[in-house]
Enquirer: 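Pasting in a structure now, in structure tokens, and then I'll have a few things to ask.
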Amino acid sequence: MTPPDKNTVVQVLRNLSLLLQLKGENAFKVRAYDTAADRLSGTPQDLATLVQEGRLQDLPGIGQGLAEKITELVTTGKLGFYEELKAEYPPGLMEMLQLPDVGPKKVIALWNELKVGSVAELELACRQGRVRELKGFGAKSEAKILEGIALHQRAQGKRKLLGDVLPTVEDLLTRLKAVPGVVRVSPAGSVRRRAETVGDVDLLASAPQAGPVLEALATSPGVAVVLGKGESKCSVRMVQEDLQVDLRVLPDEDFATALHHFTGSKAHHVRLRGLGQEKGLKISEWGVHRADGTKLPVPDEAALYRLLGMQYIPPELREDSGEIEAALEGHLPEDLVSMEDVLGVVHCHSTWSDGKHSLEEMARAAHAMGLQYLTVTEHSQTSVYAGGLKEDDLKRQWEEIDRVNEALPGFRLLKGIEVDILETGALDYSDHFLERLEVVIGSIHIRHSMNEDQMTRRLLNAMDRPGLNILGHPTGRLIHEREPYPVRMEEVLDKAAERGVVVEVNGKPARLDLKTEHVRQAVQRGVKLVVSADAHKKEDLHHLLFSVATARRGWARKGDILNTLPADRFVSTLKALRTT
DNA sequence: GCCGTTTTCGGCCCGACTGTTTTCAGTCG
């Protein structure tokens, strides 16, 4: 038996939380399971090791009870408590809980009274008008449930990619900022934390009068339906992506504490409330109060952290994965990489392979973003489907690169390649040829379905090849589309550290590969990284934003990111790092 | 179920909104 991996365990804990809700258990007990799931998925530590060494309880939020359950699950592959609970209810109830406006109480009522045990049965019962007969339900809730079912089926429960959502959010923010009287506007929630996927969007604004701001959202172009509108809140669903957007408007003096509250994460916020309590401070979305009820002024979030005697924690780090302890001790890095630090964009394609824009167009677009260089890294000859280049094609491309560089002073295209890592770990060109290039990214594009041993060996072998500078999108995942291929990332990162291979943090919204946890592991090993766009057209150059966000979430500092160096030093450092 | 310099019991966030109510329950964030 292969022991269940961390994701499976996390999922079981989340399911248990749902089942306990159905059972009508104490809400705090329910929350404890969710907290434990958060904690487990957030820790960079290996689950099997934690279990083996009996150190599960080192994670705050996991006590004796949960440690025993997790241990049982990991060591035996089954958890009796979970199996028993699951058997009490039809499996369809869990899916019903996912519907908007349908919670545990309603699900249980539907099951007990109508024997409705799945989303499909619920839809039928609504259409037959049986739901409105139940106490606490009416015609409106019946209609609302039907709407919710339709939405649920469209969205299939998928969270949206940050990259798909952010442009819509930016548009809305611009619109809200323009409303007369508005003082401050900000996204909150997972968008502000730059999580890789987003459920729905939280926006916050401060203004003396909420009405006009709420109205501005309700009447924004792209709004499909206004879900609700009160005196201080408004919820809408956008046409694009079925995205739900919630806006709250409040007086400016409450903005910072509300922003902090709604930015989360929940786990981070709960910890801070606890710290506040120790200092006799009650922290809520409405402000910071002393025990005697005095309200303390909190002009911005930095002031909030100062009140707690700790460093300011940027939103991207607020996951309760060690940032609170570090900030209390003053050890939180203050030079996390930012967009301003990045001088060149790595990993770009042009019309020479499968890109949409010419070298010159890509160069000018990057220059206009304030960047100093761009690495031209087309596909190599094996990637025929992507217009992969032969050695002779590349030599001709170098002539064009020289011409563009001459025509565009103050900017440099660097001569590179995204070379395929073949099945054995061999590269798609000779070592001799690769050495003539300034930047060599090695990536896997074919044969994804190898087992973990084979895939790990393949990557390790590739890193032994002297011509390789950068390991590209190391796990090959595509969010919602393709699982990462199985690979022992610790071994790969150890090898990168040993061999001086730089690792890519690919910024394409569906990739984000390395992902946050792996970035953190890389940084801990001293592995150098590049932030990249994986751009196939000019517009994709902005993917750098998502790469930088992922790097920040993984605690990467400016010094960890190689393309914060000017072009010459970027290239010379790439080469100098390599050990033979 | 977790946690503890108020430590093994008792607290753990609670307000806004909606719909079904006629004073409140359920859901959400």
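Everything numeric here is computed off the predicted structure, so don't read it as measured data. The chains referred to below are lettered A, B, ... by the order of the sequence lines, with proteins before strands, and numbering in each begins at 1. Just so you know, these numbers use all the heavy atoms, side chains as well, and skip hydrogens, waters and symmetry mates.
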Enquirer: Round to the nearest Å and state the distance from A:D254 atom CG to B:dC14 atom P.
Expert: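 Atom CG in A:D254 sits about 17 Å away from atom P in B:dC14.
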Enquirer: Between A:F81 and A:K266, who's closer to the 5' end of DNA chain B by nearest nucleotide?
Expert: A:F81
Enquirer: Which word best sums up how the rings of A:H260 and A:H269 line up, parallel for under 30°, tilted for 30 to 60°, or perpendicular for over 60°?
Expert: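 Judged by the thresholds at 30° and 60°, the geometry between A:H260 and A:H269 is tilted.
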Enquirer: For A:F546, does the six-membered ring have the charged nitrogen or CZ of A:K508 within the cation-pi criterion, i.e. under 6.0 angstrom from the centroid and within 45° of the normal?
Expert: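 Here A:K508 fails the 6.0 Å and 45° test against A:F546.
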Enquirer: Minimum heavy-atom separation for A:G276 and A:L308, please, with both atom names.
Expert: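 Closest heavy-atom pair between A:G276 and A:L308: CA-CD2, 3.6 Å.
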Enquirer: If you take all heavy atoms of A:S141 and A:G138, which pair is closest and at what distance?
Expert: OG-N, 2.7 Å
Enquirer: Measure from CD on A:E278 to C1' on B:dC3 and round the result to the nearest Å.
Expert: 11 Å
Enquirer: How far does the C1' atom of B:dT8 sit from the matching atom of B:dC14, given to the nearest Å?
Expert: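 Pairwise C1' distance, B:dT8 against B:dC14, rounds to 27 Å.
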Enquirer: Please measure how far the P atom in B:dG11 lies from the corresponding atom in B:dT18, and state the result in whole Å.
Expert: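 Straight-line distance between the two P atoms is 33 Å.
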Enquirer: Of all of residues 123-143 of chain A, which get a heavy atom below 4.0 angstrom from DNA chain B, listed by number?
Expert: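 When residues 123-143 of chain A is checked for heavy atoms under 4.0 Å from DNA chain B, the hits, listed by number, are A:G136, A:F137, A:G138, A:A139, A:K140, A:S141.
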Enquirer: Would A:R306 and A:Y312 count as a cation-pi pair here, with the cationic atom under 6.0 angstrom from the ring centre and within 45° of the axis?
Expert: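 Pair A:R306/A:Y312 does not count as cation-pi.
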Enquirer: Provide the distance between the two P atoms, one in B:dC13 and one in B:dT20, to the nearest whole Å.
Expert: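 Result for the P pair: 31 Å, nearest Å.
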Enquirer: Taking CD1 from A:I145 and C1' from B:dT20, how many angstroms apart are they, rounded to a whole number?
Expert: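 A:I145 atom CD1 is separated from B:dT20 atom C1' by 13 Å.
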Enquirer: How long is the span from the CD atom in A:Q244 to the NZ atom in A:K160, to the nearest 0.5 Å?
Expert: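 The distance works out to 8.5 Å.
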Enquirer: Has the side chain of A:Q311 got a donor or acceptor atom that lies under 3.5 Å from a matching backbone atom of A:H331?
Expert: yes
Enquirer: Phosphate oxygens OP1/OP2 of B:dC12: is one of them under 4.0 Å from a side-chain N or O of A:R273?
Expert: no
Enquirer: Pick the C1' atom in B:dG10 and in B:dT6, then give their distance to the nearest Å.
Expert: 12 Å
Enquirer: Atom CD1 of A:I283 and atom C1' of B:dG15: how far apart are they, to the nearest Å?
Expert: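 Atom CD1 in A:I283 sits about 18 Å away from atom C1' in B:dG15.
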Enquirer: To the nearest 0.5 Å, tell me how far A:K144 NZ sits from A:L227 CG.
Expert: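 A:K144 NZ to A:L227 CG: 8.0 Å, rounded to 0.5 Å.
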Enquirer: Under 3.5 Å between N/O atoms: give me all the protein pairs with nucleotides 25-29 of chain B, atom names plus distance.
Expert:
residue	atom	partner	partner atom	Å
B:dT27	OP1	A:G103	N	2.7
B:dT27	OP1	A:G103	O	2.9
B:dT27	OP1	A:K106	N	2.9
B:dT27	OP2	A:K105	N	3.2
B:dC28	OP1	A:D101	N	2.7
B:dG29	OP1	A:D200	OD2	3.2

Enquirer: If you compare every side-chain N and O of A:S235 against the phosphate oxygens of B:dT18 (OP1, OP2), does one of them come in below 4.0 Å?
Expert: no
Enquirer: Considering every strand and a 4.0 Å limit on heavy-atom distances, what is the contact class for A:E25: base, sugar-phosphate, or nothing?
Expert: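 Nothing, no nucleic acid heavy atom in range.
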Enquirer: Is there a donor-acceptor pair under 3.5 Å between the side chain of A:T8 and the backbone N or O of A:P4?
Expert: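 No, the answer is negative, given that no donor and acceptor are paired below the 3.5 Å cut-off.
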Enquirer: Can you tell me how far P of B:dG4 sits from CD of A:Q277, to the nearest Å?
Expert: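 So the two atoms are 12 Å apart, to the nearest Å.
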Enquirer: Output the rounded distance in Å from CG (A:L214) to C1' (B:dC17).
Expert: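 Atom CG in A:L214 sits about 13 Å away from atom C1' in B:dC17.
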Enquirer: Is atom CD of A:Q64 surrounded by more than 12 heavy atoms (other residues, nucleotides or ligands) closer than 6.0 Å?
Expert: no
Enquirer: Counting only Watson-Crick pairs (N1-N3 plus N6-O4 or O6-N4) and G-U wobbles (N1-O2, O6-N3), all under 3.5 Å, who is the partner of B:dT8?
Expert: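 Pairing partner, where one exists within any strand: none, as none qualifies.
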Enquirer: Base, sugar-phosphate, or nothing: which does A:T35 touch, judged by heavy atoms less than 4.0 Å apart?
Expert: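 The residue A:T35 makes no contact with any strand.
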Enquirer: On a whole-Å scale, what distance lies between the P atoms belonging to B:dT22 and B:dG15?
Expert: 25 Å
Enquirer: Where along residues 57-66 of chain A does a heavy atom come under 4.0 Å from DNA chain B, residue by residue in number order?
Expert: A:P60, A:G61, A:I62, A:G63, A:Q64, A:G65, A:L66
Enquirer: Does atom NZ (A:K6) have a neighbourhood of more than 12 heavy atoms from anything else shown, all under 6.0 Å?
Expert: yes
Enquirer: Does the structure place the NZ or CZ of A:K69 under 6.0 Å from the centre of the six-membered ring of A:F81, at an angle of no more than 45° from the ring's axis?
Expert: yes
Enquirer: What's the CG-C1' distance between A:L20 and B:dG1, to the nearest Å?
Expert: 9 Å
Enquirer: How close or far is atom C1' of B:dG11 from atom NZ of A:K282, stated in whole angstroms?
Expert: 14 Å
Enquirer: Hey, what do you get for CZ (A:R39) to CG (A:D34), rounding to the nearest 0.5 Å?
Expert: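 Separation between the atoms: 12.0 Å.
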